[in-house]
Amino acid sequence: MKKYITLIIFFCSIGSLFAQTKSQNNDIWLHYVGKNMLTKKLSFTLEATMRYANGFSEKQQYFIRPSLDYQLTKHFIGSVGFSHYNTYVYGNPAINKRPIPENHPWIQGTFNHQLGDLKLTNRLRNEFRFVGIASSTVATPTSQNDYAINDYKFRDRLRYMILATYPLVKVDNKPKLLGIIGDEAFMNIGPLGTDISKNNVGKTFMNQNRIIAGLGYVINPRHQIQLCYIHQHIWNFSDTILESNPTLRISYLTNFAFNK
């Protein structure tokens with residue numbers, strides 16, 4: 001009897017594995033991060049992005065993310081912020097039935113440590129997500145126009161990033177060309193499952209993962225350009241689709257001091 005049970009579990013697992021559809025989108029992300037020092041320890045940061053899937057042929061997502069950041073110690077920065085997202089219908093198969101809005105406040109701790117020329121950044125963010133839920137407006141929906149956002153559900157998510165930055169080229173003993181490598185994991189926090197009425201956060205513990213590698217060019221202390229390759233994995237809410245997306249991120253970073 002035990003052998004039969006084992007075989008049933010095995011074949012169910014195999015069936016589940018093949019039931020998950022794997023898709024790939026070749027993404028391009030245009031990204032901006034602006035840090036503005038208000039006092040010696042307090043800063044205002046504005047981050048925004050426009051993301052495209054499969055070159056520039058499909059819109060993937062945009063977000064805007066303001067935050068206040070406070071330098072609590074030499075190595076630790078505490079932040080509070082807010083994000084507004086809109087994720088479009090893209091790819092084949094598409095994760096979303098219609099564009100999905102999302103709003104969330106968040107808190108964050110960033111620990112920076114210098115080991116010689118090597119800078120290590122550990123960042124932990126808790127996002128309190130309010131995600132729009134798409135409901136069909138007709139009996140047999142055939143397009144994204146047949147869905148509407150009539151409700152928002154709360155989903156909790158942790159993001160942990162580790163990033164190493166190293167100066168590959170220096171000019172006048174100041175970093176000019178930077179090497180960047182790291183990883184960021186997105187983890188669903190709360191009851192796993194797909195029952196929206198119970199505020200389940202999703203079928204999988206992992207929500208996303210991003211492997212990061214690239215270069216940064218320091219124009220001057222206030223301006224920097226980064227070119228990074230990111231390999232993005234996304235597990236959809238019901239774990240029926242796994243996206244594996246090679247991504248090119250082009251970032252423009254600014255750093256201004258208004259306290260001087």
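We're numbering straight along the sequence, starting at 1. Since this is a predicted model, take the numbers as computed values, not measurements.
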Does the side chain of [X] come under 3.5 Å of the side chain of [Y] through a donor N or O and an acceptor N or O?
X: Asn96; Y: Tyr90; answer: no
X: Gln208; Y: Gln232; answer: yes
X: Ser83; Y: Trp106; answer: yes
X: Gln60; Y: Asp27; answer: yes
X: Trp235; Y: Gln20; answer: no
X: Asn112; Y: Thr121; answer: yes

Separation between [atom1] of [X] and [atom2] of [Y], rounded to the nearest 0.5 Å:
X: Asn54; Y: Asn26; atom1: CG; atom2: CG; value: 6.0 Å
X: Lys119; Y: Leu178; atom1: NZ; atom2: CG; value: 9.5 Å
X: Gln108; Y: Glu127; atom1: CD; atom2: CD; value: 9.0 Å
X: Glu58; Y: Tyr52; atom1: CD; atom2: OH; value: 12.5 Å
X: Ile95; Y: Thr87; atom1: CD1; atom2: OG1; value: 9.0 Å
X: Ser251; Y: Glu47; atom1: OG; atom2: CD; value: 8.5 Å

Spell out, as yes or no, whether a donor-acceptor pair under 3.5 Å connects the side chain of [X] to the backbone of [Y].
X: Ser244; Y: His233; answer: no
X: Asn188; Y: Thr204; answer: yes
X: Thr137; Y: Asp146; answer: yes
X: Asp156; Y: Arg129; answer: no
X: Asn245; Y: Asn25; answer: yes
X: Lys176; Y: Leu168; answer: no
X: Asp117; Y: Tyr166; answer: no

Take the angle between the ring planes of Tyr62 and Tyr88 and call it parallel below 30°, perpendicular above 60°, tilted in between. tilted

Are Met50 and Ile234 joined in one hydrophobic group, where the rule is that I, L, V, M, F, W and Y side chains link up if heavy atoms are under 4.5 Å apart? no

Hydrophobic cluster membership, Phe56 vs Leu248, 4.5 Å side-chain cutoff: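 Linked, Phe56 and Leu248 end up in one cluster.
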
Member of Phe154, Tyr152, Tyr85 meeting the ring pair (Phe, Tyr, Trp, His ring centres under 6.0 Å) criterion with His104: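 One option only clears the test, and that one is Tyr85.
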
Are more than 12 heavy atoms from other residues, nucleotides or ligands located less than 6.0 Å from atom NZ of Lys41?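 Not buried by this count: 12 neighbours or fewer within 6.0 Å.
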
So that I can tick it off, tell me whether Lys35 and Asp69 are bridged by a salt bridge, with the cut-off set at under 4.0 angstrom between side-chain N and carboxylate O.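 Looking at Asp69 and Lys35, the cut-off is not met.
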
In the structure I gave you, are the side-chain heavy atoms of Ile64 and Phe82 within less than 4.5 Å of one another anywhere? no

Among Arg249, Lys59, His31, Gln61, side chain to side chain contact (heavy atoms under 4.5 Å, CB included) partner for Arg51: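 For Arg51, the side chain to side chain contact (heavy atoms under 4.5 Å, CB included) check succeeds only for Gln61.
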
Candidates Asp183, Ile180, Leu120 - the one meeting side chain to side chain contact (heavy atoms under 4.5 Å, CB included) with Leu163: Ile180

Please assess Glu102 against Arg155 for the test side-chain contact (heavy atoms from CB on, under 4.5 Å), listing each intermediate value before the final yes or no. CA-CA 10 Å; Glu102 177 179 339; Arg155 296 173 188 166; over 6 Å; no

Under the side-chain contact (heavy atoms from CB on, under 4.5 Å) rule, what do Met206 and Met187 come out as? Steps first, then yes or no, please. CA-CA 5 Å; Met206 291 298 297; Met187 296 157 284; 4.0 Å; yes

I'd like to know whether Asp151 forms a side-chain contact (heavy atoms from CB on, under 4.5 Å) with Ile196, so could you lay out the CA-CA distance, the side-chain angles of the two residues, the decisive distance to 0.1 Å, and finally the verdict. CA-CA 11 Å; Asp151 191 17; Ile196 296 177; 5.9 Å; no

Please test Ser238 against Lys203 for side-chain contact (heavy atoms from CB on, under 4.5 Å), starting from the C-alpha separation and ending with a verdict. CA-CA 5 Å; Ser238 56; Lys203 196 171 181 180; 5.6 Å; no

Got a list of side-chain donor-acceptor pairs under 3.5 Å for residues 222-230, not counting sequence neighbours?
{"from": "His223", "atom 1": "ND1", "to": "Tyr252", "atom 2": "OH", "distance (Å)": "2.6"}
{"from": "Gln224", "atom 1": "OE1", "to": "Gln226", "atom 2": "NE2", "distance (Å)": "2.9"}
{"from": "Tyr229", "atom 1": "OH", "to": "His231", "atom 2": "ND1", "distance (Å)": "2.7"}

Does the ring centre of His75 sit less than 6.0 Å away from the ring centre of Phe111?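 When the ring centroids of Phe111 and His75 are compared, they turn out to be within the sub-6.0 Å range.
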
